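Since the structure comes first, as structure tokens, the remarks are kept for the end.
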Amino acid sequence: MDLSKLNDKQKEAVMHIDGPLLILAGPGSGKTRVLTNKIAYLIENNYAMPIQILAITFTNKAAKEMKDRVYKLVGKSAFDVQLSTFHSFGLRILRENYQELGLNKTFTIIDESDSLSLIKKILKDLNIDEKMLSPKYVKNRISSSKNSLIDVLEYSKYSKGDIEEKVYEIYKKYQELLIKNSSVDFDDLLFMPVKLFRKNKQILEAYQELFKYIFIDEYQDTNEAQYVLAKMIASKYQNITVVGDESQNVYSWRGANYKNILNFEKDYKNVTTILLEQNYRSTKTILNAANDVIKNNKERKEKNLWTNNDLGEKIKYIKATDEKDECRIVIEEIKKLNHKMELKDMVVLYRTNAQAQIIERTFLENNIPYKIVGAYTYYSRKEIKDLLAYLKLINNTKDDVSLIRCINTPKRGIGKKTIEDLELEAKRQNKSLFDVIKDGKEGTFKKIIENLIKAKDNISLTELVDLILTKTGMIDEYKKENTIESISRVENLNEFKSITKEFEEETGNISLEDFLLEISLVSDINENKSEINGVSLMTLHSAKGLEFDLVFVMGLEDGIFPHINSLDSLEELEEERRLFYVAITRSKEYLYLLNANTRLLFGSKTANPPSRFIKEIDEKYIEKDNIKEEFNIEDSFYEDEVFYEIGDQVYHETFKNGIVVSLDKDFVTIAFSRKYGIKKLMKNHKSLRKVW
DNA sequence: GCCTAAGTGCTTTTT
DNA sequence: GCACTTAGGC
């Protein structure tokens with residue numbers, strides 16, 4: 001194998017065999033190349049069989065990318081490497097030990113929205129008003145507890161006060177219901193393996209023995225559960241290689257703790273540390289700008305990123321009048337630069353998925369090919385979730401969540417009252433809802449499900465889907481409706497059959513059980529169809545690990561990016577800054593920063609000041625392309641703090657007269673005329689002033 | 001039980 | 001602006 005393309009540091013990392021290895025790798029420093037080459041090196045030199053290698057990434061996309069690259073290096077044995085996301089790896093452990101964990105072989109993975117519905121249902125059962133305790137908050141608490149390895153029992157020890165006690169009660173109920181439904185949520189995929197290993201040392205030892213070499217990518221993004229899971233398996237042979245960059249931790253809201261990477265040298269003995277500081281991706285301008293930004297963060301290891309690349313183009317900062325104008329400018333620039341590069345080498349990045357809508361519309365209107373990554377998910381469409389509910393129920397009849405979803409879809413005259421009675425009866429007999437139905441009197445629904453269960457083992461998956469679509473009346477219902485919307489729903493449902501077909505062609509006759517588990521960890525069917533030559537549209541988070549010739553960062557406004565919810569805390573603001581750092585460093589050559597003077601938010605027009613991050617970049621790297629405004633954005637703010645009180649009369653350049661209704665640290669909420677409504681604005685923005 | 005109209009609250013980011 | 005929930009009439 002050819003290591004001549006690697007630099008000395010990279011080579012050293014690849015050829016390091018035994019003991020813990022920490023690779024601190026800046027953006028564009030070739031860490032994926034090191035990882036894939038190292039895996040190949042182990043295989044080719046017989047240090048390990050492919051099945052003895054565990055390599056973990058954070059996204060499906062990264063896993064696929066890495067698999068492809070290992071395949072190119074070692075061929076078919078790449079398929080034997082356990083190369084997957086943490087969650088898929090957790091799923092494997094669950095599947096191999098389901099009995100130990102009190103699950104059926106055909107257990108179900110519930111997605112986030114099902115998890116939220118379950119919590120809403122529990123709140124209702126416990127007579128808790130959603131306004132007093134929001135289901136979302138509860139879900140967050142449960143999720144972060146699981147990610148910190150705090151189970152129900154443990155939680156009870158720390159829950160103090162009314163709210164916390166309520167959350168505890170809900171957590172307890174939630175977990176009971178999951179087990180009763182033979183279901184797990186995403187967080188369980190990480191938590192349950194750890195629980196299993198703590199309980200059963202023999203099982204842990206078997207995995208320790210199997211996975212002699214462990215690789216963890218994006219180590220700065222590991223949460224407690226992931227960190228412990230990796231450590232448990234690695235603890236016997238200590239052959240663990242972790243790669244990461246604390247400056248790119250953008251998942252602390254999901255429990256990721258960048259200190260895991262900073263502490264690696266303390267956590268393991270005899271750690272070899274290698275710094276990858278040479279950037280091969282970006283121009284000097286882009287790299288310097290990125291360094292300008294990230295140096296404003298306090299908690300980080302000093303790294304000295306450098307590149308041999310040219311100075312390159314200046315970064316363009318463009319200020320649009322509104323969000324439509326912002327999109328128009330992007331399209332214009334794409335057209336201008338299209339002769340220099342292909343569309344697939346361009347990306348448009350935004351902070352929130354909500355921004356994607358108008359961008360997508362503009363691309364459509366201008367007939368520019370594009371692909372949206374993540375965001376709108378095929379699997380979260382109503383009709384697809386309904387179909388999936390049937391499949392899940394047939395696979396796992398204990399799954400009450402799915403039963404409730406499909407029992408009256410399409411309408412069969414089964415309403416609230418019937419379901420309530422059914423639930424009561426199920427509770428009385430301590431049975432699943434379907435068991436009660438099965439023992440009860442004949443009915444359309446019962447007949448449909450029983451027939452489908454009988455049929456499922458004798459026909460292919462695609463045939464089963466077809467049977468569901470026709471026998472349940474789903475397709476007919478939508479065909480009868482005959483609206484633009486219902487026609488598209490029929491199309492989506494039919495598309496599902498091509499998905500199952502594809503699975504069957506790839507893996508032979510895939511079982512229903514395998515299929516459901518497989519797709520539950522994939523958010524979009526298009527995830528693997530990146531071959532279209534179009535501009536990529538995605539959130540900043542999805543862009544991590546990717547690179548493009550041309551990068552647009554949109555909505556660079558205080559309140560959008562950095563996001564409004566992060567402005568009050570230094571930690572969260574630093575995370576936003578890391579996100580900006582990630583965004584800048586995605587670019588090889590061209591970088592556009594855009595924002596808008598006003599934009600439609602929550603259906604009303606708002607004005608946000610330019611993002612505070614822009615001014616952190618040295619002016620000399622920036623070109624003010626057709627900006628009327630001076631570059632120094634400080635000019636749009638008053639230097640001194642402006643004091644407001646509730647009830648103050650104010651005047652805004654765009655929104656005219658208004659009255660202050662509430663205040664917080666940097667922002668003031670103002671009620672303007674009916675036309676503009678209520679807005680939250682920066683206190684010291686120059687377009688706003690007090691009227692005495 | 002179903003349908004509609006009015007009412008509400010909401011948007012971070014992913015597996 | 002939109003998706004989702006709720007109340008009230010049929």
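Any value given below was found using the heavy atoms of this structure, including those in side chains, with hydrogens, waters and symmetry copies removed. Nothing here was measured: the structure is a model prediction, and the numbers come from that model. Below, chains carry the letters A, B, ... as their sequence lines are ordered, and counting in each starts from 1.
Nearest nucleotide to the side chain of A:E576, out of B:dT12, B:dT14, C:dT6: B:dT12. The A:K124 side chain lies nearest to C:dT6 when the options are B:dT13, C:dT6, B:dT11.
Residues in residues 554-578 of chain A take part in these ring pair (Phe, Tyr, Trp, His ring centres under 6.0 Å) pairs, two or more places apart or across chains: A:F561-A:F580, A:F561-A:F613. A side chain to side chain donor-acceptor pair (under 3.5 Å) check over residues 402-426 of chain A, counting only residues at least two apart or in different chains, returns the pairs A:K121-A:E423, A:D386-A:R405, A:Y390-A:R412, A:D399-A:S402, A:K417-A:D421, A:E425-A:R428, A:E425-A:Q429.
Rounded to whole angstrom, the span from the CG atom of A:N353 across to the P atom of B:dT11 amounts to 12 Å.
For A:W253 and B:dT13, the ring-to-base geometry satisfies the stacking test (centroid distance below 5.5 Å, interplanar angle below 30°). In this structure, A:H563 forms an aromatic stack with the base of B:dT12, since both conditions hold: centre separation below 5.5 Å and plane angle below 30°.
For the side chain to side chain donor-acceptor pair (under 3.5 Å) test, no residue two or more places apart in sequence or in another chain qualifies with A:S520. The side chain to side chain contact (heavy atoms under 4.5 Å, CB included) test applied to A:Y207 returns A:I93, A:E96, A:N97, A:F197, A:I203, A:F211, not counting sequence neighbours. With sequence neighbours excluded, the residues satisfying side chain to side chain contact (heavy atoms under 4.5 Å, CB included) with A:S536 are A:V347, A:K371, A:M538, A:F548. Annotation: side chain to side chain donor-acceptor pair (under 3.5 Å) contacts of A:D325 (sequence neighbours excluded): A:T321, A:R328. By the side chain to side chain donor-acceptor pair (under 3.5 Å) test, A:R95 pairs with A:E513, A:D514, sequence neighbours left out. Scored by the side chain to side chain contact (heavy atoms under 4.5 Å, CB included) test, A:T85 finds A:T57, A:N60, A:H87, A:S88 as partners (sequence neighbours excluded).
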Taking N or O atoms only and anything under 3.5 Å, show me the protein contacts with nucleotides 8-10 of chain C, one pair per line.
none

Interface polar pairs with nucleotides 1-4 of chain C, N/O, under 3.5 angstrom:
unit_1 : atom_1 : unit_2 : atom_2 : d
C:dG1  : O6     : A:F602 : O      : 3.4

> Can you give one letter per nucleotide of nucleotides 1-9 of chain B, 5' to 3': B if a protein heavy atom sits under 4.0 Å from the base, S if only from the sugar-phosphate, - if neither?
Replying inline: SSS-----S
Distance-only donor-acceptor hits, side chain of residues 122-134 of chain A, under 3.5 Å, sequence neighbours excluded:
unit_1 : atom_1 : unit_2 : atom_2 : d
A:D129 : OD1    : A:K131 : N      : 3.1
A:S134 : OG     : A:Y137 : N      : 3.0

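Checked by atom type, the side-chain pair A:T106/A:N395 shows no donor-acceptor distance below 3.5 Å.
Among the protein residues, A:F58 comes within range of the sugar-phosphate backbone only, with heavy atoms under 4.0 Å from sugar or phosphate atoms but none that close to a base.
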